[in-house]
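The structure appears right after this line, and notes come after that.
Note that the structure is predicted; figures quoted are calculated from it, not measured. Note on naming: letters A, B, ... go to the chains in the order of the sequence lines (proteins, then strands), and numbering restarts at 1 for each one.
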Number of protein chains: 2
Amino acid sequence: MRIPSDAGECFAPIAAVSAGMPLYRAVKRALLSAIEEARFAPGDALPAEAELAAAFEVSVGTLRKAVDELAAEHIVVRRQGRGTFVARHDATRLMFQFFHVERSDGLRELPAVELLTFQRTRADETAAQALQLRVGDPVVEIENLLRLQGRPVIHDRITLPAALFRGLAERRIRERPGTLYQLYQAGFGITVLRALERARAVAADRVSARVLGIAAGAPVIEVRRTALSFSDRPVEHRISIVDTARHDYVNVLSRPGAVP
Amino acid sequence: MRIPSDAGECFAPIAAVSAGMPLYRAVKRALLSAIEEARFAPGDALPAEAELAAAFEVSVGTLRKAVDELAAEHIVVRRQGRGTFVARHDATRLMFQFFHVERSDGLRELPAVELLTFQRTRADETAAQALQLRVGDPVVEIENLLRLQGRPVIHDRITLPAALFRGLAERRIRERPGTLYQLYQAGFGITVLRALERARAVAADRVSARVLGIAAGAPVIEVRRTALSFSDRPVEHRISIVDTARHDYVNVLSRPGAVP
DNA sequence: CCCAATTTGTTCGTATGTATA
DNA sequence: TTATACATACGAACAAATTGG
């Protein structure tokens, strides 16, 4: 026996909200808002489908269609027999969704990260534009070196809006147990959902060349990434210098799932 | 009044085929096979959902789930009130699914293509591996120059398995009305469904530098693309040299649709 | 311009299968 | 074993877009 649950307290019947929108989309928005407002934290289970359907006063099929889209966007994860959970960042997700450098022979490997510098400063024009800040707004700048097979391959310069990362200190980065995005999520309630990347070839500047142990002027890829959270809000700007002598920057196009 | 249609002639009842597979997936496979075998050509309408469901002896809901996945993979396109159509390559699809260079200010533009060379030759090791051929197998090599805003930006060297492109002649490429992938599809029954791209930074070689009007040795991005058709069969190998002085190689991550 | 037929899109409700604890 | 949860499948009804008369 089980207490009839509390989904009714969490969600109001929909309908009124939907303006020309299909019902399942209105349900999706409501669920999205609940997750965004942290009424369900990463790792939490959502109420069961039947409960949610009852709370929203929609059929199970409609509720499922809403959850289908959230699952396709990696915002929730479904596990048959267990429940539906708010997606949590982990090494696997980083690897397959956000890490795009692999060995030329195709082998993928988790990078070993070394923090080089940490400083509080003010947004320059590039960072301000990417993060939708004003020039001079306070930001945190992090410089990382990523190694693959012990060899330095990526030099990252990361810019974070200080307003979103209150209390971020060098220690928290050094002593974090998992990935940086796990720290964003667990430590600051910021979930990175997707990212835009633009790459170009440049000659390695002196700093990156020294860090990566290559000749200054060697051709490297510069990747500028803007990481987005809910409502496409930018939460991180990152410039990566990638030594592509033994590694590639990969781009798998159009994989809406398995293509069996 | 309408003749009861011929879907019954095209498809047999499913069930027997499915071995541990969900029914909707067996239906999907059957539809996929029909499209792959060109029983429905690109641009053709599939039979109506009700017809297909009747032919397969499944419910409309099950049929819809199968078609949902095909639509998500861009293999078919649905149009409310009109029907479901086998996807056809066009400039828009090229632009959004396969063309990843855009101006640094974010503006996208269709490239103007100039054919530089066309020759029949034999696969080298790189091409053979990418195309799953043996070294020395006959291939067609095409060299293209792509301009954006009149300025040369991309130098393509394309390798095609001659066995798949019987009768391909320089004229057909020069006189094609649309994109190269449209020619593959309309002229040779080869549909490019997705592609894998690996990029690295290199110093421009003398040939590409001259073609692109840049200094030899300037840093450029080299993109190696393998285009895949049904069952992930490789049908094209392409090495693109991209001048990223004014343009970027873009990678939009995790966009399973709109994120509203 | 409107109407009717056709087709996909949305929603409902129910029943059964399968994985998990 | 039992209960719970998601996964699959069915069938029906209505909405919305399109087309042609």
Could you state the atom-to-atom distance from [atom1] of [X] to [atom2] of [N] in whole Å?
X	N	atom1	atom2	result
A/Tyr24	C/dC12	OH	P	13 Å
B/Arg78	D/dT18	CZ	P	15 Å
A/Leu63	D/dA5	CG	C1'	13 Å
A/Ile14	C/dT11	CD1	P	11 Å
A/Phe85	D/dT4	CZ	P	16 Å
A/Leu46	D/dT4	CG	C1'	16 Å
B/Leu52	C/dT8	CG	C1'	12 Å
B/Arg25	D/dA9	CZ	C1'	15 Å

Regarding B/Arg233 and B/Glu36, does a basic nitrogen lie under 4.0 Å from an acidic carboxylate oxygen?
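Looking at B/Arg233 and B/Glu36, the cut-off is not met.
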Carboxylate-amine/guanidinium contact B/Asp44 B/Arg39, below 4.0 Å
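Answer for the salt bridge query: no.
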Flag, side chain of B/Glu109 to backbone of B/Gln149, donor-acceptor distance under 3.5 Å
yes
Does a nitrogen or oxygen in the side chain of B/Thr84 sit under 4.0 Å from OP1 or OP2 of C/dT8?
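Checking C/dT8 against B/Thr84, a side-chain N or O does come within under 4.0 Å of OP1 or OP2.
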Side-chain N or O of A/Thr62 versus OP1/OP2 of C/dT10: is the shortest distance under 4.0 Å?
no
Partner of B/Arg238 under side-chain hydrogen bond (donor to acceptor under 3.5 Å, both in side chains), chosen from B/Asp156, B/Asn144, B/Thr226
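So, applying the side-chain hydrogen bond (donor to acceptor under 3.5 Å, both in side chains) to B/Arg238 and each of B/Asp156, B/Asn144, B/Thr226, only B/Asp156 qualifies.
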Side chain of [X] (C-beta onward), nearest among [options]:
X	options	answer
B/Glu49	C/dT11, D/dC10, C/dT8	C/dT8
B/Arg64	D/dT8, D/dA9, C/dT10	C/dT10
A/Lys65	C/dT10, D/dA7, C/dT11	C/dT10

For A/His89 and A/Phe98, I'd like to know if the aromatic rings sit close, meaning centre-to-centre distance below 6.0 Å.
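Yes, the ring centres sit under 6.0 Å apart.
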Evaluate whether atom CZ of B/Arg78 has more than 12 neighbouring non-hydrogen atoms of other residues, nucleotides or ligands under 6.0 angstrom away.
yes
One pair to check against side-chain hydrogen bond (donor to acceptor under 3.5 Å, both in side chains): A/Asn251 and B/Tyr249. What are the steps and the verdict?
CA-CA 10 Å; A/Asn251 188 358; B/Tyr249 174 71; 3.2 Å; yes
Heavy-atom protein contacts under 4.0 Å, nucleotides 13-21 of chain C, coded B base, S sugar-phosphate only, - none:
----BBBBS
